[in-house]
Amino acid sequence: MRVKVSRKAHFNAAHRLYNSEWSFEKNEDVFGLCNNPNFHGHNYELIVSVTGNIDPKTGYVIDMKVLKDLIKSEVENAFDHKNLNIEVPEFKKLNPTAENIAVVIWNKLRPHIAEVNDLEIVLYETPRNFVTFSG
Ligand code: NI
């Protein structure tokens, strides 16, 4: 019996979307406002879900306190109030789109989640735009 448990989190971060191999005009065409050279911010909403069997001893799939602390140390401390392009090493050469941010978060959390459990990341860049990555 596998159960999915989820924890919501939140961070604010700035980014700029562009491809350094393209001209400014081409970047404007593809990324529009997100290509603003002076950066802009988003209020990211994150849902981290772990799916697994219920431990008969605890009744938990994963201790929510453990999951909360993990998200804090791996994601919030690394991303919150940061400029993703400049201050977060993973995005030095990777465009910080919602897609890529979700994959980076998954890769940061995956080693800390028991191998028998599945991990899913849902990342909202705006209330209407969100991406899902589960490995
Ligand atoms: Ni943006």
Side-chain angles (χ1 to χ4, degrees):
M1 189 170 58
R2 288 173 73 78
V3 177
K4 174 161 137 179
V5 301
S6 302
R7 167 92 192 167
K8 282 187 177 176
H10 164 87
F11 59 91
N12 301 313
H15 74 170
R16 178 194 178 191
L17 300 183
Y18 71 105
N19 183 329
S20 60
E21 293 173 0
W22 293 345
S23 66
F24 187 83
E25 290 70 27
K26 167 98 178 178
N27 274 295
E28 284 277 279
D29 281 349
V30 174
F31 297 116
L33 287 174
C34 274
N35 179 45
N36 178 355
N38 294 318
F39 306 96
H40 62 279
H42 290 283
N43 294 313
Y44 292 95
E45 294 288 343
L46 174 65
I47 303 171
V48 176
S49 298
V50 176
T51 302
N53 294 312
I54 299 174
D55 182 332
K57 294 192 192 72
T58 60
Y60 292 159
V61 171
I62 183 171
D63 186 333
M64 280 295 194
K65 173 77 165 62
V66 171
L67 187 58
K68 174 189 171 194
D69 291 346
L70 190 58
I71 295 167
K72 170 94 178 121
S73 64
E74 294 294 323
V75 181
E76 293 172 30
N77 289 353
F79 294 176
D80 193 32
H81 287 76
K82 298 284 174 67
N83 181 313
L84 298 176
N85 302 71
I86 292 174
E87 296 178 277
V88 178
E90 285 87 348
F91 301 110
K92 281 273 188 282
K93 290 178 179 162
L94 183 67
N95 217 12
T97 58
E99 290 89 330
N100 281 331
I101 298 169
V103 172
V104 166
I105 291 172
W106 190 93
N107 283 328
K108 286 167 78 77
L109 296 180
R110 183 66 262 191
H112 303 280
I113 304 293
E115 271 188 43
V116 295
N117 292 339
D118 295 320
L119 174 65
E120 179 190 87
I121 303 300
V122 177
L123 181 70
Y124 283 76
E125 191 170 74
T126 72
R128 291 172 190 274
N129 296 345
F130 61 99
V131 304
T132 303
F133 182 65
S134 40

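Numbers here are sequence positions counted from 1. Atoms within a ligand are numbered from 1 in the order they appear, just like the ligands themselves.
Summarising the geometry, atom CG belonging to Asn100 is positioned 10.0 Å from atom CZ belonging to Phe133; distances are rounded to the nearest 0.5 Å.
Residue pairs meeting the ring-ring contact (aromatic ring centres under 6.0 Å, His included) criterion with at least one member in residues 47-73: none, sequence neighbours excluded. Among pairs with a residue in residues 116-135, those fulfilling side-chain hydrogen bond (donor to acceptor under 3.5 Å, both in side chains) read Arg2-Asp118, Lys4-Glu120, Tyr44-Glu125, at least two apart in sequence or across chains.
No side-chain heavy atom of Val131 sits under 4.5 Å from any side-chain heavy atom of Val122.
Annotation for Ile86: hydrophobic cluster partners, listed by chain and number, are Phe39 (ILVMFWY side-chain heavy atoms under 4.5 Å, direct or chained).
When all heavy atoms of Ala78 and Val88 are compared, the pair lying nearest together is O-CG2, 3.5 Å.
Looking only at protein N/O/S atoms, the ones less than 2.8 Å from the Ni ion (ligand 1) make 4 in total.
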